[in-house]
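Here is the structure we will look at, set down as structure tokens.
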Amino acid sequence: MSDGTLISKARVLGQRAADRHLRLGVTGISGAGKTAFLTSLIRLLTQPQQSLPFFHVMQQQRYLGGVCIDNQQIQRARFPFEQNWQQLTNGQWPSSTTGLSQITLQLRYIPEHPLRRKLFSHQHLTLEITDYPGEWLLDLPMLAQDFQSWSRSCWQLFDSPELAAHCRPFRAQLAAAPASPEPLQLQQLASAYADMLTQLKSQQLAILLQPGRLLRPAELAGSPLLQLFPLLPEQLPQPSALKHQLEKHFKAYQQKVIEPFYRDYFAGLDRQIIMADCLGALNRGHQALGQLQQALMLIMQHFSYGRSHWWRRLWQPRIDKVLFVASKADLLTPDQHRNLLLLLQQMLQQPLYQQKYQQCQTEALAVAAVISAEVGTVQSRDGAKPCLRGRLSTTGELQTIYPGEVPISMPSEALFQHHQFAFPEFLPWLSDAQPQPASLRMDQALEFLLGDHLQ
Ligand code: GDP
């Protein structure tokens with residue numbers, strides 16, 4: 001073998017060793033904007049057309065491009081990027097996340113450091129992205145419970161004054177259930193419980209609705225693993241076939257659903273994006289906003305790095321960066337973007353400054369993955385006022401509106417009694433001047449998430 005061949009072989013081997021791998025997770029409660037965010041992020045990395053000034057690798061013209069490659073685990077659902085992008089370019093929103101899906105990208109870039117550049121003409125970053133419903137993270141506390149303590153904590157919530165009336169029919173059905181139900185009766189009780197959870201969720205009455213898979217079953221739809229509901233506290237002391245059966249299902253749910261999710265997916269993530277639709281919650285009212293905050297706090301427990309966390313001993317997650325995204329910022333006039341960010345930070349109770357999050361770098365951004373309105377001005381008696389023009393999601397009709405202001409801190413219940421927030425729902429904005437969907441502040445998100453791995 002000639003010296004030249006040896007040198008080039010050594011270079012290829014060296015390059016492979018220097019290539020990097022990063023696993024990114026995207027989560028948030030349904031409707032938060034995960035699908036749109038991920039679709040936009042993949043498009044920007046594979047066919048960047050928009051200028052991305054804060055994404056340094058592109059700004060420094062070191063980015064050579066990205067392609068989608070096969071997932072390492074081909075049996076796992078692939079994130080349908082191509083279909084989603086096509087829907088966006090047709091001016092429609094893609095279908096939302098219902099289960100877990102993955103997609104892998106290979107990014108090529110020129111190293112920043114002159115010495116590395118001498119060694120390698122370019123390098124690769126393999127980016128594995130996992131999209132999953134935030135509802136699944138809300139099951140974590142169940143791992144520290146047994147069936148009895150779980151049942152008690154569920155009914156403490158369901159019997160609370162805000163929920164009791166909605167939960168009464170299921171309570172009555174459960175109280176009348178036979179101690180040894182037939183399989184069909186068990187199935188009927190399980191589906192009545194799932195209906196109750198769906199109703200509580202759709203009316204934004206509660207967030208900690210377990211098991212989370214009843215709301216987002218994905219591949220478990222129809223599985224006996226989901227025949228799981230809490231018994232009434234008064235039913236717990238007596239042994240019964242029903243109790244025995246539910247205890248078995250509870251254990252199976254812990255071992256076959258919750259644990260594998262953390263072990264196989266969550267524990268392997270390096271970085272996490274958590275999305276929150278604060279504007280949607282403001283529209284729905286005080287309770288919805290409180291529910292969103294509670295969900296964020298529960299999700300954030302996964303990233304608090306205190307040594308005392310029992311679940312850390314089980315999985316040792318290695319997430320080093322968490323990005324909190326207030327989604328749909330395009331539904332505001334630009335002067336309100338800062339308020340949206342401040343509101344999100346307030347809802348998170350400023351984890352950026354809390355000791356327990358310090359091992360994990362956090363950032364919060366107000367982002368529009370897909371812009372749905374153009375910004376303009378209207379003349380009013382007080383002079384020019386900013387406004388938005390977009391096509392209403394319901395009718396497709398063009399509308400010019402002033403969407404209003406965002407409070408910079410959690411608004412009180414009293415405020416909602418005399419003020420109704422009404423942020424619009426528009427379709428993706430396309431026009432002769434803007435033939436492809438565009439985004440806002442995705443470059444800052446990309447820089448935070450990937451910048452240090454593309455140096
Ligand atoms: P998911 O359930 O978290 O996957 O949420 P989606 O990404 O499917 O978003 C839910 C809905 O929110 C979409 O159908 C859109 O109506 C809206 N949406 C999502 N992202 C954006 C955005 O960047 N801007 C605007 N204006 N609306 C968005």
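Both ligands and their constituent atoms are indexed starting at 1 by order of listing. We number each residue from 1, following the sequence as shown.
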Would you please say whether a donor-acceptor pair under 3.5 Å links the side chains of Ser96 and Thr35? no
Neighbour list for ligand 1 [protein residues, heavy atom under 4.0 Å]: Ser30, Gly31, Ala32, Gly33, Lys34, Thr35, Ala36, Trp93, Ser96, Thr97, Lys328, Asp330, Leu331, Ala368, Ala369, Val370, Ser372
Test the Arg389-Trp429 pair against the cation-pi criterion, namely NZ or CZ under 6.0 angstrom from the six-membered ring centroid and within 45° of the ring axis. no
Which residue pairs pass the ring-ring contact (aromatic ring centres under 6.0 Å, His included) test when at least one of the two sits in residues 379-416, sequence neighbours left out? His286-Phe416, Phe416-Phe421
Say whether Gln272 and Thr27, considering side chains only, have a donor N or O and an acceptor N or O under 3.5 Å apart. no
Within the supplied structure, the quantity of interest is the number of heavy atoms (other residues, nucleotides, ligands) at a distance under 6.0 Å from Gln72 CD; does it exceed 12? no
More than 12 heavy atoms of other residues, nucleotides or ligands under 6.0 Å from CZ of Arg338: yes or no? no
